[in-house]
Amino acid sequence: MRHKINSIFKMIIIDNGHGRQTPGKCSPDRRLQEWKWTRQAAAMLARRLNENNIASTLLVPGDDDVSLAQRCTMANNIARQHPGSILISLHTNAAGNGSAWHKASGWSVFVHPRASPASRALAAALFAEASAADILGNRATPSCGYLTANLAILRNTICPAVLTENMFHDNAADAAFLLSPSGLNTIVEIHLRAILAFAKHSG
């Protein structure tokens, strides 16, 4: 089913996180590398959004690291060109530096401590979809469904913004899930359904 996007909701800016030069962002066996996984997930999400008539753009289409300051500037330029944009920053989480497996598991979403109501509503929609997919793991989550953190990509961007930590790449079960076609599809569908729900209730 194709959806007509709400008129106030112009562009999804997909920040695919770290680049290939960022150290330690991988599973201990190196099968899952965050920069590769987030680019794959971002590209798949962009395709699914396009199928639903929702405009999107990849903030970093290449593989190399782009500084947070530069990414924020790029996102703000896009948001100024497309009023009504929102930003989703995709990551995989870690309990350590990538050298050993850990027990922390599951999915989470972050907003800035002074986030806008729109950012919080999008985060709540994402949490609802992740909860329905039963991928929260052993993370402690507030009743609102989202965590807060003073992260640059959330703090220094001018549009509603959330950051998702899509399971732990240093948890063996999480890593296996993310590397599976069904796991990748689950994560992408969580984001798609949350965006559609957020757009539906933003009018």
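Because the structure is a prediction, the values reported are computed rather than measured.
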Evaluate side chain to side chain donor-acceptor pair (under 3.5 Å) for N16 paired with T38, printing each intermediate quantity in order. CA-CA 5 Å; N16 39 13; T38 55; 5.9 Å; no
Note, M44 side chain near N185 side chain (heavy atom, < 4.5 Å): yes
Measure from the side-chain N and O atoms of D15 to the backbone N and O of L59, and report whether any donor-acceptor pair falls under 3.5 Å. no
For A94 against H169, the heavy-atom pair lying closest together: CB-NE2, 3.4 Å
A123 and V111 have their tightest heavy-atom pair at CB-CG1, 3.6 Å
Please name all residues satisfying side chain to side chain contact (heavy atoms under 4.5 Å, CB included) with N93, sequence neighbours left out, ordered by chain then number. S108, R139, E165, F168
I'd like to check S56 versus I13 (side-chain heavy atoms, cut-off strictly below 4.5 Å). Are they in contact? no
Should L179 and I190 be counted in the same cluster of Ile, Leu, Val, Met, Phe, Trp and Tyr side chains packed under 4.5 Å apart? yes
The test is side-chain contact (heavy atoms from CB on, under 4.5 Å); show your working for L196 and I54 and say whether it passes. CA-CA 9 Å; L196 293 174; I54 302 174; 3.4 Å; yes
So, do D64 and R20 sit near enough that their side-chain heavy atoms are less than 4.5 Å apart? yes
With a 4.5 Å cut-off on side-chain heavy atoms, are F177 and I187 touching? yes
Closest heavy-atom contact between V66 and V60? CG2-CG1, 3.7 Å
Give the intermediate values and the outcome of side-chain contact (heavy atoms from CB on, under 4.5 Å) for residues H191 and R48. CA-CA 10 Å; H191 287 76; R48 295 290 288 118; over 6 Å; no
Donor-acceptor under 3.5 Å (R120 side chain, A115 main chain): yes
Could you tell me whether the side chain of R39 and the main chain of G62 form a donor-acceptor pair under 3.5 Å? yes
Donor-acceptor pair, side chain of W37 and main chain of L178, under 3.5 angstrom: yes
Not counting sequence neighbours, which residues clear side chain to side chain contact (heavy atoms under 4.5 Å, CB included) with A197? List them please. none
Can you give me the closest heavy-atom contact between A79 and C159, atom names plus distance? CB-CB, 4.1 Å
Would you say N52 and I195 make side-chain contact, with heavy atoms under 4.5 Å? no
If you look at every heavy atom in T141 and Y146, which pair is closest and at what distance? CG2-N, 4.2 Å
Tell me whether S131 contacts the main-chain N or O of F127 through its side chain, where contact means a donor paired with an acceptor under 3.5 Å. no
Do M11 and Q81 have side-chain heavy atoms sitting under 4.5 Å apart? no
Any side-chain donor paired with an acceptor under 3.5 Å for W107 and N166? yes
Any donor and acceptor pair, going by atom type alone, linking the side chain of N76 with main-chain N or O of C72 inside 3.5 Å? yes
Tell me whether W35 shares a hydrophobic cluster with L151, the cluster being built from Ile, Leu, Val, Met, Phe, Trp, Tyr side chains joined at under 4.5 Å. no
Neighbour count above 12 (heavy atom, 6.0 Å) for D29 CG: yes
Do you see a donor-acceptor pair shorter than 3.5 Å between the side chains of N150 and H112? yes
Smallest separation among heavy atoms of A152 and L68, with atom names: CB-CD1, 4.1 Å
Start with the C-alpha gap between I88 and I14, add the side-chain angles, then the distance that decides, and say whether side-chain contact (heavy atoms from CB on, under 4.5 Å) holds. CA-CA 5 Å; I88 298 179; I14 307 172; 5.7 Å; no
Going by side-chain contact (heavy atoms from CB on, under 4.5 Å), K25 matches just one of H91, Q33, H18, K36. Which one? H18
Kindly determine whether S105 and D174 satisfy side chain to side chain donor-acceptor pair (under 3.5 Å), including the steps that lead there. CA-CA 7 Å; S105 68; D174 279 12; 4.7 Å; no
Contact check, side chains of E129 and L192, non-hydrogen atoms, under 4.5 Å: no
